Amino acid sequence: MSKTRLGINIDHVATLRNARGGAHPDPVRAALLAEENGADGITAHLREDRRHISDQDITNLISNISVPLNLEMAPTEEMLKIACNHLPNAVCIVPEKREEKTTEGGLDLLKSMLKLKKYISILSEKNIRVSLFIEPDNTQVEAAHELGAPVVEFHVGSYCNNFTTDQVSKEYKKILSAVKTADRLGIESHAGHGIGFDHVKSIASITSIKELNIGHFIIGESIYIGLGNAIKKMRKLIDEVN
Ligand code: PXP
């Protein structure tokens, strides 16, 4: 069985840098450290308001890292152009609302089928592997299939946020069911959002989930134990169930 890939999202290194407006801490240095400590890929979200990652960060990441770059972006013409210019290994299309603190939910694919079909086709022609960030919901997985998406990333925020409540098993069942549908339709499953040390094993033990993208918890935890150690610990927890 292949190991679950670990993608490290370095957005919040840029959040910290931007709090002072200087150049420190540099997301590229964090990405290189992530590579050294077991990351299989680096994820960065270039938001429309550039609140954390900048265009220059994307250029710098592409020229410096040796693991694949997964660019998260909203489905806009501006972002499509940027992706086609930079040619990251993968693009994860995410919904974006200016006022939100973070990506609060998945895309509603049914609302923008035509636009997404065009984006998937243009990006795929450039050899960029496209994933769609969706809720663990069978209707959305079926829509992803209709769109020809090779990958979906499940927003597991509701599961992680409800981990200590009696909602947890309901949320977990939704993930299991959506992953099963993706399997049946030949779509690769990834998962992300809100994953920490407490939740990672139950998610990584779903063998059809091939990749986890984790950011905020790891960057936060690195304040206490260092970035390298936080990544190594996450990798170890994943490996224990692989
Ligand atoms: N995957 C996607 C598509 C995301 O948008 C995000 C963050 O917004 C993540 C993964 C990482 O989530 P977190 O920072 O909560 O680990």
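For the single chain, residues carry numbers from 1 onward in sequence order. In this text, all values refer to a predicted model and were calculated from it rather than measured experimentally.
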Between [X] and [Y], what is the shortest heavy-atom contact and its length?
X	Y	value
Ala39	Val67	O-CG1, 3.9 Å
Ser208	Val179	CB-CG1, 3.4 Å
Ala83	Pro88	O-CD, 3.4 Å
Glu96	Ala74	OE1-CB, 3.6 Å
Glu153	Cys92	OE1-SG, 4.0 Å
Asn138	Ala178	OD1-CA, 3.4 Å

Out of curiosity, does [Y] fall in the hydrophobic cluster containing [X] (side-chain heavy atoms, cut-off under 4.5 Å, transitive links)?
X	Y	answer
Val130	Phe133	no
Ile223	Ile225	yes
Val94	Val156	no
Val151	Leu107	no
Val241	Leu176	no

With rounding to the nearest 0.5 angstrom, report the [atom1] to [atom2] distance, [X] to [Y].
X	Y	atom1	atom2	value
Leu109	Thr139	CG	OG1	10.0 Å
His86	Leu46	NE2	CG	8.0 Å
Ile134	Ile93	CD1	CD1	12.0 Å
Ile206	Leu212	CD1	CG	9.5 Å
Ile219	Thr15	CD1	OG1	9.0 Å
Ile10	Leu227	CD1	CG	10.0 Å

Open item on the list: Could you walk me through whether Thr43 and Ile8 satisfy the side chain to side chain contact (heavy atoms under 4.5 Å, CB included) test, starting with their C-alpha distance in whole Å, then the side-chain angles of each, then the deciding distance to 0.1 Å, before giving a yes or no?
Closed with: CA-CA 6 Å; Thr43 292; Ile8 297 296; over 6 Å; no
Counting only N and O atoms by type, is there a donor-acceptor contact under 3.5 Å from the side chain of [X] to the main-chain atoms of [Y]?
X	Y	result
Asn9	Ile214	no
Asn18	Arg51	yes
Tyr159	Ser169	no
Lys117	Glu146	yes
His155	Gly157	yes
Ser177	Lys174	no
Asp11	His45	yes
His199	Gly196	yes
Glu135	Gly106	yes
Thr102	Glu104	no

Task: Check against side chain to side chain donor-acceptor pair (under 3.5 Å), Asn213 and Glu211 - done: CA-CA 7 Å; Asn213 285 301; Glu211 179 174 307; 3.1 Å; yes
Task: Listed partners of Arg50 passing salt bridge (charged side-chain N to carboxylate O under 4.0 Å, His left out), at least two apart - done: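 Only Asp55, Glu78 meet the salt bridge (charged side-chain N to carboxylate O under 4.0 Å, His left out) criterion with Arg50.
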Indicate every side-chain donor-acceptor pair of residues 118-125 with a distance under 3.5 Å to a residue at least two apart or in another chain.
{"from": "Lys118", "atom 1": "NZ", "to": "Glu77", "atom 2": "OE2", "distance (Å)": "2.9"}
{"from": "Tyr119", "atom 1": "OH", "to": "Thr76", "atom 2": "O", "distance (Å)": "3.4"}
{"from": "Tyr119", "atom 1": "OH", "to": "Glu77", "atom 2": "N", "distance (Å)": "3.0"}
{"from": "Tyr119", "atom 1": "OH", "to": "Glu77", "atom 2": "OE2", "distance (Å)": "3.0"}
{"from": "Ser124", "atom 1": "OG", "to": "Ile120", "atom 2": "O", "distance (Å)": "2.6"}

Task: Basic-acidic side-chain contact under 4.0 Å: Asp239, Lys3 - done: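 Between Lys3 and Asp239 there is a salt bridge, with a charged N closer than 4.0 Å to a carboxylate O.
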Task: Residues Lys232 and Glu36 bridged, charged N to O under 4.0 Å - done: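 Judged by the 4.0 Å cut-off on N to carboxylate O distance, Lys232 and Glu36 do not form a salt bridge.
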Open item on the list: Show me the pairs that pass salt bridge (Lys or Arg N to Asp or Glu O under 4.0 Å) and involve residues 177-197, at least two apart or across chains.
Closed with: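 Pairs touching residues 177-197 that pass the test: Arg5-Glu188, Arg129-Glu188, Glu142-Arg184.
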[X] vs [Y] side-chain heavy atoms within contact, under 4.5 Å:
X	Y	value
Ile231	Leu6	yes
Phe197	Glu221	yes
Met79	Glu72	no
Glu35	Ser66	yes
Gln56	Thr59	yes
Cys160	Ile203	yes
His190	Val152	no
Asn242	Ile238	yes

- [ ] Run the numbers on Asn70 and Asn89 for side chain to side chain contact (heavy atoms under 4.5 Å, CB included), then give the verdict.
- [x] CA-CA 6 Å; Asn70 174 33; Asn89 306 79; over 6 Å; no
Open item on the list: Is there a side chain to side chain contact (heavy atoms under 4.5 Å, CB included) between Lys173 and Lys170? Walk through the geometry before answering.
Closed with: CA-CA 5 Å; Lys173 278 184 196 145; Lys170 197 172 140 211; 5.9 Å; no
Open item on the list: Could you check whether atom NZ of Lys201 has more than 12 heavy atoms from other residues, nucleotides or ligands sitting under 6.0 Å from it?
Closed with: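 Counting neighbours around NZ of Lys201, more than 12 heavy atoms of other residues, nucleotides or ligands fall under 6.0 Å, so yes.
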Task: All side chain to side chain donor-acceptor pair (under 3.5 Å) counterparts of Asp40, not counting sequence neighbours - done: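 Partners of Asp40 by the side chain to side chain donor-acceptor pair (under 3.5 Å) criterion, ordered by chain and then number, come out as Arg235.
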Task: Under the side chain to side chain donor-acceptor pair (under 3.5 Å) test, residues paired with Asp198 that sit two or more places apart - done: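 So Asp198 forms no side chain to side chain donor-acceptor pair (under 3.5 Å) with any residue.
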TODO: Tell me, with the steps shown, if Thr4 and Lys210 meet side chain to side chain contact (heavy atoms under 4.5 Å, CB included).
DONE: CA-CA 5 Å; Thr4 313; Lys210 301 298 180 197; over 6 Å; no
- [ ] Please collect all ring pair (Phe, Tyr, Trp, His ring centres under 6.0 Å) contacts where either partner lies in residues 2-26, sequence neighbours excluded, each pair once.
- [x]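 For residues 2-26, and leaving out neighbouring residues, the ring pair (Phe, Tyr, Trp, His ring centres under 6.0 Å) pairs sorted by first residue read His12-His52, His12-His216.
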